[in-house]
**Q** 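First the structure, then my questions, so here it is.
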Amino acid sequence: MRGSNFIRDIVEDDLRTNKYDGRVVTRFPPEPNGYLHIGHAKSICLNFGIAMENKGVTHLRFDDTNPSKEDVEYTEAIKRDVRWLGFDWGDKLFHASDYFEQFYEFAVQLIKDGRAYVDDLSSDEIREYRGTLKDPGRESPHRNRPVAENLDLFARMRAGEFPDGSRVLRAKIDMSSGNVNLRDPVIYRIKHETHHNTGDKWFIYPMYDFAHGLSDSIEKITHSICTLEFEDHRPLYDWYLDQLGVYHPQQIEFARLALTYTLMSKRKLLNLVEEGHVSGWDDPRMPTIAGLRRRGFTPEAIRDFCDRIGVAKRDSMVSVALLEHCQREDLNLRAPRVMAVLRPLKLVVDNYPEGQTEKLDAVNNPENPGSGTRKVPFSRVLYIERDDFREDPPKGFFRLAPGKEVRLKHAYYVTCQNIVKDNQTGEVIEVHCTYDSESRGGGTPDGRVVKGTLHWVSAVHAITATVRLYDYLFDKEDPEEGEDFRANLNPNSLETLTDCRLEPSLANAKPGDRYQFLRHGYFCVDQVDSAPGRPVFNRTVSLRDSWAKMQKVHATS
RNA sequence: UGGGGCGUCGUCAAGCGGUAAGACACGGGCCUUUGGAGCCCGCAUUCCCAGGUUCGAAUCCUGGCGCCCCAGCCA
């Protein structure tokens with residue numbers, strides 16, 4: 001059951017009063033000028049969610065009224081991402097550009113009604129004439145051109161007779177309005193540019209305010225849900241529809257998503273891509289749907305997240321920890337567990353017969369008994385995690401240390417007898433242990449307790465792989481803080497480990513497969529950089545680590 | 001004293017005149033062959049502030065204060 005919110009309340013009311021004959025038609029209207037991000041996911045879940053809950057439909061409509069910024073690469077990516085998130089627009093795929101001819105006719109109607117005029121002022125002049133937030137604007141000298149002249153000029157604008165920027169079509173509303181959007185807004189501008197959908201057919205392109213409401217009207221949208229910054233555009237949205245006397249949906253605004261440590265501005269994300277701070281729109285550190293997908297996030301977790309954050313009108317910044325929580329909760333139930341040693345340290349079981357190998361049973365997922373078991377090879381020489389051994393263990397460290405006994409997951413208890421150090425560096429390079437053959441499987445007849453359980457791999461059986469550990473792309477909660485967001489880039493957002501040793505079952509991991517690396521976190525086989533037999537793993541999100549937290553507290557106090 | 005919005009726990013967020021849901025985070029405990037997961041407990045005597053109405057106010061009224069958005073031929 002999804003949480004209620006003020007928009008759902010409005011829809012419910014409208015259904016009760018039969019305002020739209022019981023119809024619920026929403027739309028998701030991206031401009032194809034960049035990739036979709038987690039903020040769009042909020043809007044997608046809201047729009048598709050409300051429609052689905054009320055037996056309605058949601059249109060996917062490209063708001064493609066500005067050919068200078070848009071590209072088919074983006075339309076394809078957007079469709080892929082919406083679909084991946086789990087939503088279906090059926091045959092309701094539209095483009096604002098599909099309606100250009102109708103928009104033109106509507107504009108002509110406005111001119112005929114004396115509600116629009118062609119203005120010859122330059123953009124600088126228009127800005128000057130617009131006034132300021134405190135002072136009213138002045139009327140353009142062309143404001144009262146005869147209808148016939150306007151009609152002629154507008155037709156010639158369409159015909160491509162005038163250069164870019166030389167004229168615009170404006171609505172005749174109120175140059176002294178406190179709402180700047182109503183000071184004779186531009187309806188059409190001249191752009192001699194190829195459009196990704198209409199080609200070279202048009203030399204004039206409608207502005208958002210004009211095109212958006214009319215698109216909604218043409219498609220008989222009931223609830224046109226958008227973000228807060230369009231709130232003071234609503235009077236204009238209403239004005240166009242009322243002047244033209246056409247079907248009138250209602251615009252409702254909600255607060256866009258802001259996430260800690262995350263940049264959501266499409267313009268700035270594009271900048272990161274163009275300047276190479278990330279590998280592309282789908283870099284696993286990007287908040288884009290494509291990036292999250294590649295990182296290993298699931299549509300289920302993202303949808304759950306969107307359900308939990310709610311929908312309201314107040315500006316807010318959601319903690320990215322919630323997204324991570326949703327992802328862990330989802331993957332905990334379904335990700336197979338596997339052993340991976342990220343920073344290998346050799347461990348030799350001195351009393352284990354040389355050349356012997358046994359296949360031990362390992363549970364695939366304790367949270368899901370139906371997921372079965374697999375065999376993991378054990379032998380005399382193993383690798384364990386460097387962090388799991390300390391020559392001088394601090395208080396509370398219950399992993400391996402000289403003289404200490406630990407359990408090797410799924411295998412045996414081992415006790416550290418001695419260590420081998422590098423003569424030069426003094427670094428521990430080998431740990432020598434003895435094992436208790438009675439402890440096979442992880443328990444002993446005497447029932448003695450060991451506090452630590454370590455993951456491990458057999459040296460000769462393990463496969464070598466690259467594992468990428470990701471951290472936040474920015475090291476400030478609010479990446480926009482300061483004068484240049486790029487100064488907040490986290491230099492340690494990516495750590496690539498190339499000598500990781502993984503249990504052999506991972507040799508057949510397929511791109512997109514997700515696992516829990518025991519005691520580390522959830523990892524996903526990279527879809528781009530992996531090759532057959534040579535998988536690259538991306539860390540989606542780490543496991544909660546209370547030991548690390550303890551260490552951190554001690555370090556800072 | 002241009003216009004439009006918004007102010008409820010550290011962060012989101014319910015609440016719609018009947019006496020502050022939930023989630024994340026955080027703290028403590030239990031349990032554990034992942035220091036994972038799970039379980040239990042705690043966590044706003046108070047809702048930006050000040051008045052007022054009312055038997056009763058986070059909810060209604062008045063006045064302040066604070067924050068966000070708008071001066072693209074972007075969306």
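Just so it is clear: chains get the letters A, B, ... in the order the sequence lines come, proteins before strands, and each one is counted from 1.
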**Q** Using the P atom as the reference point in each nucleotide, state the distance between B/U62 and B/G28 in Å, no decimals.
**A** 48 Å
**Q** Name the pairs: protein N/O against N/O of nucleotides 67-70 of chain B, kept only if under 3.5 Å.
**A**
from	atom 1	to	atom 2	distance (Å)
B/C68	O2'	A/Asp315	OD2	3.1

**Q** Have a look at A/Phe397 and say if it touches a base, only the backbone sugar-phosphate, or nothing, with a 4.0 Å heavy-atom cut-off.
**A** base
**Q** Classify A/Asp164 by what it touches in the nucleic acid, base, sugar-phosphate, or nothing, heavy-atom distance under 4.0 Å.
**A** nothing
**Q** What is the pairing partner of B/G42, taking Watson-Crick or G-U wobble pairs with both distances under 3.5 Å in any strand?
**A** B/C26
**Q** With a non-hydrogen cut-off below 4.0 angstrom, is A/Leu323 in contact with a base, only sugar-phosphate, or nothing?
**A**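 No contact at all - A/Leu323 keeps every heavy atom at 4.0 Å or more from the nucleic acid.
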**Q** Quick one: salt bridge (Lys or Arg N to Asp or Glu O under 4.0 Å) partners of A/Glu219, sequence neighbours excluded?
**A**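 Salt bridge (Lys or Arg N to Asp or Glu O under 4.0 Å) list for A/Glu219, sorted by chain: A/Arg61.
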**Q** Please enumerate all residues that pass side chain to side chain contact (heavy atoms under 4.5 Å, CB included) together with A/Leu270, with sequence neighbours excluded.
**A**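 Expected list: A/Tyr74, A/Glu274, A/Trp281.
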**Q** Looking at residues at least two apart in the chain, or sitting in another chain, which of them share a side chain to side chain contact (heavy atoms under 4.5 Å, CB included) with A/Leu15?
**A**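 Scan of A/Leu15 (side chain to side chain contact (heavy atoms under 4.5 Å, CB included), adjacent residues dropped) gives A/Val11, A/Val24, A/Asn54.
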**Q** Within this structure, what is the CZ-to-P distance between A/Phe210 and B/G72, rounded to whole angstrom?
**A**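 In whole Å, B/G72 P lies 21 Å from A/Phe210 CZ.
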**Q** Pick out the pairs of N or O atoms, protein on one side and nucleotides 22-25 of chain B on the other, that lie under 3.5 Å.
**A**
from	atom 1	to	atom 2	distance (Å)
B/A23	O2'	A/Arg308	NH1	3.2
B/C24	OP1	A/His325	NE2	3.3

**Q** Identify the nucleotide, in any strand shown, that forms a Watson-Crick or G-U wobble pair with B/G35, with both distances under 3.5 Å; if there is none, say none.
**A**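 Paired with B/G35, as far as the under-3.5 Å criterion goes, is no nucleotide at all.
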**Q** Under the rule for salt bridge (Lys or Arg N to Asp or Glu O under 4.0 Å), what residues qualify as partners of A/Glu161, not counting sequence neighbours?
**A** A/Arg156
**Q** Name all residues meeting the side chain to side chain contact (heavy atoms under 4.5 Å, CB included) criterion together with A/Thr260; count only those two or more places apart in sequence or in a different chain, and write none if there are none.
**A**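 A/Thr260: side chain to side chain contact (heavy atoms under 4.5 Å, CB included) contacts with A/Met317, A/Ser319, A/Val320, A/Glu477.
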**Q** Taking only residues two or more places apart in sequence, or in another chain, which ones meet A/Asp9 in a salt bridge (Lys or Arg N to Asp or Glu O under 4.0 Å)?
**A**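 In terms of salt bridge (Lys or Arg N to Asp or Glu O under 4.0 Å), with neighbours along the sequence ignored, A/Asp9 is linked to no residue.
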**Q** What contact category does A/His520 fall into here, base, sugar-phosphate, or nothing, at under 4.0 angstrom with non-hydrogen atoms?
**A** nothing
**Q** Using a heavy-atom cut-off of 4.0 Å across all strands, would you classify A/Ile126 as base, sugar-phosphate, or nothing?
**A**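 Base contact.
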**Q** Does A/Asp315 have any side chain to side chain contact (heavy atoms under 4.5 Å, CB included) partners at least two apart in sequence or in another chain, and if so, which?
**A**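 Per chain and number, A/Asp315 pairs via side chain to side chain contact (heavy atoms under 4.5 Å, CB included) with A/Leu228.
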**Q** Partner lookup for B/A75, please. Criteria are Watson-Crick or G-U wobble with both distances under 3.5 angstrom; report none if nothing qualifies.
**A**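 No nucleotide pairs with B/A75.
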**Q** Hunt down the Watson-Crick or G-U wobble partner of B/A58, both distances under 3.5 Å, from any strand shown, or write none.
**A** none
**Q** Write down the distance between CZ (A/Arg539) and C1' (B/G36), rounded to a whole number of angstrom.
**A**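 Distance, rounded to whole Å: 14 Å.
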**Q** For A/Arg337, answer base if it contacts any base atom (sugar-phosphate contacts may also be present), sugar-phosphate if it contacts only those atoms, and nothing otherwise; contact means non-hydrogen atoms under 4.0 Å.
**A** base
